[in-house]
Number of protein chains: 2
Amino acid sequence: MDDFIEHLNRAIKRGETIVFSSNCEIDYKGRAESHLPDGDRIILIKPDKTLLIHQPFGSAPVNYMKAESEHSFVRDGETLYMKSENPALKEYLSLKINKLHFYNTARLEDGKRIELSGTEREMSDYLYDNPSVVEEGFKPLSREEHTRYGFIDVFGHDKTGTLVVVECKRYRADLSAVTQLRRYVEKIKEAKGITACRGIIAAPEISANALSMLNDWGFSFRHVHPPNRLKRAQGQKKIGEY
Amino acid sequence: MDDFIEHLNRAIKRGETIVFSSNCEIDYKGRAESHLPDGDRIILIKPDKTLLIHQPFGSAPVNYMKAESEHSFVRDGETLYMKSENPALKEYLSLKINKLHFYNTARLEDGKRIELSGTEREMSDYLYDNPSVVEEGFKPLSREEHTRYGFIDVFGHDKTGTLVVVECKRYRADLSAVTQLRRYVEKIKEAKGITACRGIIAAPEISANALSMLNDWGFSFRHVHPPNRLKRAQGQKKIGEY
DNA sequence: GGGGAGAGATGCCGC
DNA sequence: GCGGCATTTCTCCCC
């Protein structure tokens with residue numbers, strides 16, 4: 001066991017990535033507090049000292065520690081533990097390893113960042129560049145306009161000169177999207193000292209309750225889909241072509 | 001390579017958990033669209049057919065597929081791919097494996113669920129059971145009261161009989177917490193046909209802008225910490241005791 | 001580092 | 001399934 005401990009602690013120090021699977025129990029204390037009784041899990045320690053613990057189901061880690069934490073394998077009698085702490089964040093985690101199923105360490109290198117398309121940001125760019133999609137005669141003035149009470153996706157005026165706030169959602173707009181829009185419209189009215197300012201939600205869908213709230217407050221809904229405009233290298237295979 | 005493909009495809013079918021590391025390129029198309037150039041990553045396939053792909057930094061997976069997806073290893077000439085699809089969600093992912101660093105498969109069993117303490121729910125329970133923490137003379141009427149415009153954490157009346165809506169936040173309350181509170185207060189006034197209803201944010205902290213907005217609307221802030229009341233088995237070691 | 005908001009958010013609970 | 005919302009949210013961007 002001591003050789004194993006020594007090997008893994010050295011791998012951590014070297015900045016290697018460590019994956020192992022074990023039957024374990026987990027205690028965590030920090031922003032919240034948790035206990036997880038024994039079961040089989042996958043544990044991942046990254047070079048940036050992020051720790052992730054996954055159960056064999058679900059997308060989200062059941063426990064984790066943020067980057068810049070400190071991890072070490074220690075023994076207490078015949079029992080093996082992995083202890084993690086992040087003193088700066090006052091977060092602590094203890095993993096009691098009942099049985100080790102497998103482990104691997106490797107020096108991994110990855111300097112690339114994901115290119116993502118179909119975001120809300122692209123949607124507001126699209127509306128800024130194609131204002132008639134919002135409505136005939138719409139003239140955009142700014143994107144991502146920052147106010148002290150939040151920032152506005154697209155801001156402009158309609159064909160009559162009335163100011164318009166557009167809030168984009170890439171999926172279904174909900175109640176909070178409507179209250180968010182309302183907050184911006186009120187703030188614009190206050191800041192400009194005017195009483196007329198329209199509000200528009202631009203999204204592919206809106207929930208029934210959100211639509212009803214939207215109508216109550218005199219705002220309107222515009223059916224818009226987020227664009228997909230990911231540029232791929234010439235000749236590269238597209239998904240589904242295999 | 002064919003033996004490897006056969007081995008992993010069988011492991012998937014058997015409901016084993018698969019972890020491997022490789023230099024790879026990733027394309028995804030579904031709710032959004034993404035491309036990630038070559039780099040070293042960790043890939044995890046769970047028995048519930050969740051797929052997670054991690055770069056050697058950060059907490060969140062760079063790409064993933066939800067549970068109930070279909071995964072298979074295939075070769076195209078001398079190149080190895082892992083393809084995933086979720087027809088129901090119209091999501092597709094392709095992983096081109098340039099070099100395999102290591103892999104493991106194992107049958108993992110875990111029926112336990114995490115016990116978590118320090119949540120907002122516990123905080124509203126605490127205020128419901130200890131109303132004087134909200135303010136002297138506060139009488140709670142309900143918790144998690146569901147309205148068509150959202151549900152209210154704690155609802156009651158003060159010592160003068162005026163209705164009170166309490167919105168809890170386990171960490172720092174922000175602008176959206178205040179607009180959320182406002183939505184409830186307005187809805188209560190409308191539903192009950194009254195003009196007097198107070199609003200209180202109960203949280204350990206509140207941002208300066210949120211506090212200013214809170215004051216603008218005549219609401220108030222109550223400094224409250226979320227309780228930590230995780231019950232541990234008698235005699236079990238607490239964290240930090242090692 | 002705080003503030004504000006999006007996310008391919010995920011997960012939970014209620015209807 | 002949708003709806004509404006918390007999350008040890010995480011991540012990004014801007015001040």
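Here is the naming used below: chain letters follow the sequence lines, and residue numbers restart at 1 for every chain.
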Student: Which residue, B:D174 or A:G118, contacts DNA chain C at a nucleotide closer to its 5' end, judged by nearest heavy atom?
Tutor: B:D174

Student: Check every strand shown and say whether A:G58 touches a base, only sugar-phosphate, or nothing at a heavy-atom separation below 4.0 Å.
Tutor: sugar-phosphate

Student: Using a 4.0 Å heavy-atom cut-off, does A:Y184 contact any base of the nucleic acid, only the sugar-phosphate backbone, or nothing at all?
Tutor: sugar-phosphate

Student: Does C:dG6 have OP1 or OP2 sitting under 4.0 Å from an N or O in the side chain of A:Q180?
Tutor: yes

Student: Mark this stacking check for A:F151 against C:dA5 as yes or no, applying ring centres under 5.5 Å and ring planes under 30°.
Tutor: no

Student: OP1, OP2 of D:dA6 versus side-chain N and O of B:R170: anything below 4.0 Å?
Tutor: no

Student: Salt bridge or not for B:R182 and A:E186, using N-O below 4.0 Å?
Tutor: yes

Student: Taking a pair as Watson-Crick or G-U wobble with both distances under 3.5 Å, which nucleotide is matched to D:dC10?
Tutor: C:dG6

Student: Ignoring the backbone of B:S59, work out which of C:dG8, D:dT11, C:dT10 is nearest its side chain.
Tutor: D:dT11

Student: In this structure, how many angstroms lie between the P atom of C:dG6 and the CD1 atom of A:I152, rounded?
Tutor: 12 Å

Student: Between D:dG4 and D:dT8, how far is it from one P atom to the other, in whole Å?
Tutor: 23 Å

Student: Is there a side-chain contact between B:R31 and the phosphate of C:dT10, meaning an N or O under 4.0 Å from OP1 or OP2?
Tutor: yes

Student: When you measure from the side chain of B:T119, which nucleotide among D:dC2, D:dC10, D:dT7 comes out closest?
Tutor: D:dT7

Student: Quick one: which of D:dA6, C:dG8, C:dA5 gets closest to the side chain of B:N63?
Tutor: C:dG8

Student: Does the A:K112 side chain pair with the main chain of B:L36, one donor and one acceptor, at a distance under 3.5 Å?
Tutor: no

Student: Taking only side-chain nitrogens and oxygens of A:S207, does any of them come within less than 4.0 Å of OP1 or OP2 of D:dG4?
Tutor: yes

Student: Under a 4.0 Å threshold between the charged nitrogen and the carboxylate oxygen, would A:E68 count as salt-bridged to A:K66?
Tutor: no

Student: Of the candidate nucleotides D:dC5, D:dT8, C:dT10, which contains the atom at the shortest distance from the side chain of A:L175?
Tutor: D:dC5

Student: Measuring from the side chain of A:R183 (C-beta onward, heavy atoms only), which nucleotide among C:dG8, D:dT8, C:dG4 has the closest atom?
Tutor: C:dG4

Student: What is the distance from OH of B:Y28 to C1' of C:dA9, rounded to the nearest Å?
Tutor: 11 Å

Student: Taking only side-chain N and O atoms of A:R121, does any of them lie within less than 4.0 angstrom of OP1 or OP2 on C:dA7?
Tutor: no

Student: Choose from C:dG8, C:dA5, D:dA6 the nucleotide whose nearest atom is closest to any side-chain atom of B:E120.
Tutor: D:dA6

Student: Does C:dG8 have its OP1 or OP2 closer than 4.0 Å to a side-chain nitrogen or oxygen of B:K66?
Tutor: no

Student: Taking atom types as modelled and ignoring hydrogens, do the side chains of A:D48 and A:T50 form a donor-acceptor contact shorter than 3.5 angstrom?
Tutor: yes

Student: Could a donor-acceptor pair under 3.5 angstrom be found where the side chain of B:N209 meets the base of C:dG4?
Tutor: no

Student: Is any side-chain N or O of B:Y64 closer than 4.0 Å to OP1 or OP2 of C:dA7?
Tutor: no

Student: On a whole-Å scale, what distance lies between the P atoms belonging to D:dC5 and C:dG8?
Tutor: 22 Å

Student: If you check every side-chain atom of B:L93, which of C:dG6, D:dC12, C:dG8 has the closest atom?
Tutor: C:dG8

Student: Please determine whether a side-chain nitrogen or oxygen atom of B:Y171 lies at a distance below 4.0 Å from atom OP1 or OP2 of D:dT9.
Tutor: no

Student: side-chain contact (heavy atoms from CB on, under 4.5 Å) with A:V133: which residues, sequence neighbours excluded?
Tutor: A:Y126, A:L127, A:N130, A:V224

Student: Any idea which of C:dG6, D:dT8, C:dG8 is nearest the A:E167 side chain?
Tutor: C:dG6

Student: Mark yes or no for whether B:E122, through its side chain, and B:G118, through its backbone, hold a donor-acceptor pair below 3.5 Å.
Tutor: yes

Student: Considering every strand and a 4.0 Å limit on heavy-atom distances, what is the contact class for A:V62: base, sugar-phosphate, or nothing?
Tutor: base

Student: Which heavy atom of B:V19 sits nearest a heavy atom of B:L44, and at what distance?
Tutor: CG2-CD1, 3.7 Å

Student: Closer to the 5' end of DNA chain D via nearest nucleotide, is it B:F57 or A:H146?
Tutor: B:F57

Student: Could you check whether B:G30 gets within reach of a base, just the sugar-phosphate, or nothing at all, counting any heavy atom under 4.0 Å?
Tutor: nothing

